[in-house]
Amino acid sequence: MVQLYGDERIDFLLAKENMRIIQSPSVFAFSLDAVLLADFTYVPKTRGKILDLCTGNGVVPLFLSTRSKVPITGVEIQERLYDMALRNIELNGLKDQLKIIHGDLKEMPAYYGNDKFDLVTCNPPYFPTPKADEQNLNQHLAIARHEIHCSLEEVIDSCSRLAKSGGKVSMVHRPERLVEIIQLFNKYKLEPKRMRLVYPKEGKEANILLIEGVRDGKPGLKILPPLYALTKEDEYTAELKEILYGE
């Protein structure tokens, strides 16, 4: 049995009844964003390899391992989360497929050199760094939510340099930064190809953006149908239940 620390707990990985995940309310617990990213992205099934930046406790690689047989590597800058991700791989017996690097995503292009990936996924910090007195006092949460260690431009630059020509980059972010994301995709030779907006419920503004680009791709953006999270009765919609629980 793997070691747990502090307020860590072991949860089921949603619909994946044979999979477990170590979480911590004070350090890291995965959100709907990670689940939606793993569901949305194209995944190479049997050939190629995948890199997940800002991997946290390894939740996206865990989800993707249920859809693909290719090697998957996660990169995490926070040592505490890196250690959690390592234990999640051990907990699920996935050492042959998954590995985690403790490092800065900005350093990964130099680390890998000419070694490129078929798919790069990323659930990056969403918000510009506020003043020190406005930041979350929990440093783990502050780093996960705010661009303390990497800007949006640095994230997209790194993703582009790590993807092979024709390879895909998939991100989850906030709709209010869509224009900036597309501008940066264009700057770093990523052609936006698929996009989906997620809404809390009908009649509300979108609060999650899913976007996928192709390195050196040709123009042609598909905007997928909207995804609504909740019904008018505040229950999960049928589509979200399918994504979360396979119902």
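Reckoned from all heavy atoms, side chains included, excluding hydrogens, waters and symmetry mates.
- Side-chain N/O atoms of Ser24 and Arg9 include no donor and acceptor closer than 3.5 Å.
- A side-chain contact (heavy atoms from CB on, under 4.5 Å) with Glu180 is found for exactly one of Ile182, Leu184, Leu178, namely Leu184.
- The shortest distance between side-chain heavy atoms of Val35 and Leu244 falls below 4.5 Å.
- Residues Asp216 and Glu191 form no side-chain contact, since every pair of their non-hydrogen atoms from C-beta on lies 4.5 Å or further apart.
- Summarising the geometry of Leu37 relative to Cys122, their closest heavy-atom pair is CD2-O, 3.6 Å, with the distance given to 0.1 Å.
- Interatomic distance, Ile223 CD1 to Arg194 CZ, rounded to the nearest 0.5 Å: 12.5 Å.
- Cation-pi geometry between Lys168 and Tyr42 is met: under 6.0 angstrom from the ring centre, within 45 degrees of the axis.
- Both Leu86 and Phe30 are part of a single hydrophobic cluster, where members link through side-chain heavy atoms under 4.5 Å apart.
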Take Tyr5 and Asp83, measure what side-chain hydrogen bond (donor to acceptor under 3.5 Å, both in side chains) needs, and give me the verdict at the end. CA-CA 11 Å; Tyr5 302 101; Asp83 177 67; 5.1 Å; no
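- Cluster membership for Ile10 and Leu94, using ILVMFWY side-chain heavy atoms within less than 4.5 angstrom, is shared.
- Salt-bridge check for Arg196 with Glu212: failed, with every basic side-chain N at 4.0 Å or more from each acidic carboxylate O.
- With Phe117 as the aromatic partner, Lys49 meets the cation-pi criteria of under 6.0 angstrom to the ring centre and within 45 degrees of the ring axis.
- Side-chain contact between Met19 and Leu62 is present, with heavy atoms from C-beta onward closer than 4.5 Å.
- A heavy-atom distance below 4.5 Å is found between the side chains of Leu197 and Pro175.
- Between the side chains of Asp52 and Thr55, at least one donor N or O sits under 3.5 Å from an acceptor N or O.
- Scanning both residues, Pro226 and Glu239, for their nearest heavy atoms gives O-OE1, 4.4 Å.
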